[in-house]
**Q** 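Attaching a single structure in structure tokens format; questions to follow.
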Amino acid sequence: MTLYKIAAERIARSRHLIALTGAGISVESGIPDFRSPGGLWSKYDPMEYGHIESFRRNPQRVWQMLLEMDGLLLGADPNPAHFALADLEKRGLLKTVITQNVDSLHQRAGSVNVIEFHGHNRSLRCDSCGKRYSRKDVLLAVMPPCCRCGLPLRPDFVFFGESIPATAHGEAMLAAENCDMMLIIGTSASVAPASFLPTSAKRGGAYLLEINPDQTELSFHLSDLHIAEPAGKALPAIIEELDQLGSEETKSC
Ligand code: APR
């Protein structure tokens, strides 16, 4: 029996399936992840370019990295992994996606119940006067982009050193505590508090299915099943097994 079939049978039996995704699910959309060789943090020191204090000290410098990230995100489209999760939601199997990604690709693939744990790239905001601007209304020709009040704008996602948006944090913790199965897709599970979510799900008795070509901190001591393949290959294959299961059931009755 293939790992896909085991995964499909588990998913078909689940009553409260959720997914936790990380940068790895968007790699096949052309967005490099953070910690793999060649990832964003191999080019930019995350404490120098991804920390709120660095942004406050030198917004122009941090916007150098943000501009490169912005170009990658805007040029990306959902890949088969994103569409597979949207399909699982449409079938009434997947209740919610908790994503650490800010690329909006889950929504563009059709997922509706998405918790954006680290915020998103669709708007920029001024931390001085609180004004928000839709990303598509901001020209990034002048660095750093500034608010009408004169101060620099920042993306509507979380820097290191900042708290997780309270609503997203609460909803994600609740989803993890109440699920009976969690798909953990494309994350090194190395950044808290997102990395606590699989532990919380496990404590609640959930079955953890990890999809990641590499081993992670979860693979040995927490994941019940690890499919060491790219998400864009594994998830569509699991969906195919789900369809097989469905056709076997209709044949048998
Ligand atoms: N399919 C599945 N997993 C993949 C794929 C793929 N095609 N390609 C790479 N991966 C895996 C990598 O092996 C790695 O384990 O995805 C994981 C990505 O890990 P990170 O780069 O650490 O990204 P992530 O876990 O999302 O980082 C968490 O850290 O820098 C912060 O805020 C940032 O949200 C980010 C957080």
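We count ligands from 1, going down the list as the structure has it; atoms in each ligand are counted the same way. Here, residue 1 is the first one in the sequence, and each next residue gets the next number.
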**Q** Quick test: of every protein heavy atom, which one is nearest to atom 10 (N) of ligand 1, and how far off is it to 0.1 Å?
**A** G24 CA, 3.6 Å
**Q** For ligand 1, which atoms have a heavy atom of D214 less than 4.0 angstrom away?
**A**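 In order of number, 13 (O).
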**Q** Below the 3.5 angstrom mark, is there an N/O of I185, backbone or side chain, next to an N/O of ligand 1?
**A** no
**Q** What are the atoms of ligand 1, with element, lying closer than 4.0 Å to any heavy atom of P230?
**A**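 The list of qualifying atoms is 1 (N), 6 (C), 7 (N).
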**Q** Tell me whether the rings of F160 and W41 are parallel (<30°), tilted (30 to 60°) or perpendicular (>60°).
**A** tilted
**Q** Under 4.0 Å from a heavy atom of G186: which atoms of ligand 1 are those, numbered in the order shown and with their elements?
**A**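 Result: 2 (C), 3 (N), 16 (O), 17 (C), 18 (C).
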**Q** Would you tell me whether Y49 and E68 have side-chain atoms, one donor and one acceptor, within less than 3.5 Å of each other?
**A**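 E68 and Y49 do not have a side-chain donor-acceptor pair below 3.5 Å.
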**Q** Can a donor-acceptor pair be found between the side chains of T187 and N212 at a distance below 3.5 Å?
**A** no
**Q** So, does S36 sit close enough to ligand 1 that a heavy atom of it is under 4.0 Å from the ligand?
**A** yes
**Q** Which residue supplies the protein heavy atom nearest to atom 11 (C) of ligand 1, what is that atom called, and how far is it?
**A**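 Closest protein heavy atom to atom 11 (C) of ligand 1: N212 OD1, 3.3 Å.
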**Q** Could you check atom 1 (N) of ligand 1 against the protein and tell me its nearest heavy-atom contact, residue, atom and distance included?
**A**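 Going atom by atom, the protein heavy atom closest to atom 1 (N) of ligand 1 ends up being A231 N, 2.9 Å.
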**Q** Which is closest to atom 21 (O) of ligand 1 by heavy-atom distance: F159, F34, F160?
**A**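 Considering heavy atoms of F159, F34, F160, the nearest to atom 21 (O) of ligand 1 sits in F34.
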**Q** Could you tell me, atom by atom, which parts of ligand 1 come under 4.0 Å of a heavy atom of W41?
**A**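 Close to W41: 30 (O).
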**Q** Which protein non-hydrogen atom lies closest to atom 25 (O) of ligand 1, naming both residue and atom, and how far is it?
**A** T187 OG1, 2.7 Å
**Q** Begin from the C-alpha positions of E28 and K233 and carry the test salt bridge (Lys or Arg N to Asp or Glu O under 4.0 Å) through to its verdict.
**A** CA-CA 10 Å; E28 291 158 274; K233 176 177 179 231; over 6 Å; no
**Q** Considering only NZ, NE, NH1 and NH2 on the basic side and carboxylate oxygens on the acidic side, decide whether R35 and D33 come within less than 4.0 Å.
**A** no
**Q** Note the single closest protein heavy atom to atom 23 (O) of ligand 1, along with its residue, its atom name and the distance in Å.
**A** A23 CB, 3.6 Å
**Q** Counting non-hydrogen protein atoms only, what is the nearest one to atom 7 (N) of ligand 1? Give residue, atom name and distance.
**A** E28 OE1, 2.8 Å
**Q** Is the distance between the ring centroids of H169 and F117 under 6.0 Å?
**A** yes
**Q** State whether the side chain of D224 and the backbone N or O of L208 hold a donor-acceptor pair below 3.5 Å, judged by distance alone.
**A**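 Side chain of D224 to backbone of L208: a pair is present.
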**Q** With L105, which of I31, N79, V114 fulfils side chain to side chain contact (heavy atoms under 4.5 Å, CB included)?
**A**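 One option only clears the test, and that one is I31.
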**Q** Please write down residue, atom name and distance for the protein heavy atom closest to atom 19 (O) of ligand 1.
**A**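 Result: S188 N, 3.3 Å.
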**Q** Applying a strict 4.0 Å limit to heavy atoms, is P213 in contact with ligand 1?
**A**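 The answer is yes, since P213 has a heavy atom less than 4.0 Å from ligand 1.
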**Q** Measure the OH-CG distance between Y133 and D156 for me, rounded to the nearest 0.5 Å.
**A**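 The OH atom of Y133 sits 12.5 Å away from the CG atom of D156.
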**Q** Is the closest side-chain heavy-atom distance between R135 and N121 below 4.5 Å?
**A** no
**Q** Can you name the one residue among C126, S128, P144 that meets side chain to side chain contact (heavy atoms under 4.5 Å, CB included) with P152?
**A** P144
**Q** Looking at G22, which atoms of ligand 1 are within less than 4.0 Å of one of its heavy atoms?
**A** 26 (O)
**Q** Out of H118, R35, Q100, K233, whose heavy atom is nearest to atom 31 (C) of ligand 1?
**A** R35
**Q** Report the nearest protein non-hydrogen atom to atom 9 (C) of ligand 1: residue, atom name, distance rounded to 0.1 Å.
**A** D33 OD2, 3.5 Å
**Q** Any N or O of T216 that comes nearer than 3.5 Å to an N or O of ligand 1?
**A** no
**Q** Looking just at side-chain N and O atoms, do S14 and D180 make a donor-acceptor pair shorter than 3.5 Å?
**A** no
**Q** Numbering the atoms of ligand 1 from 1, which are under 4.0 Å from a heavy atom of V191?
**A** 29 (O), 36 (C)
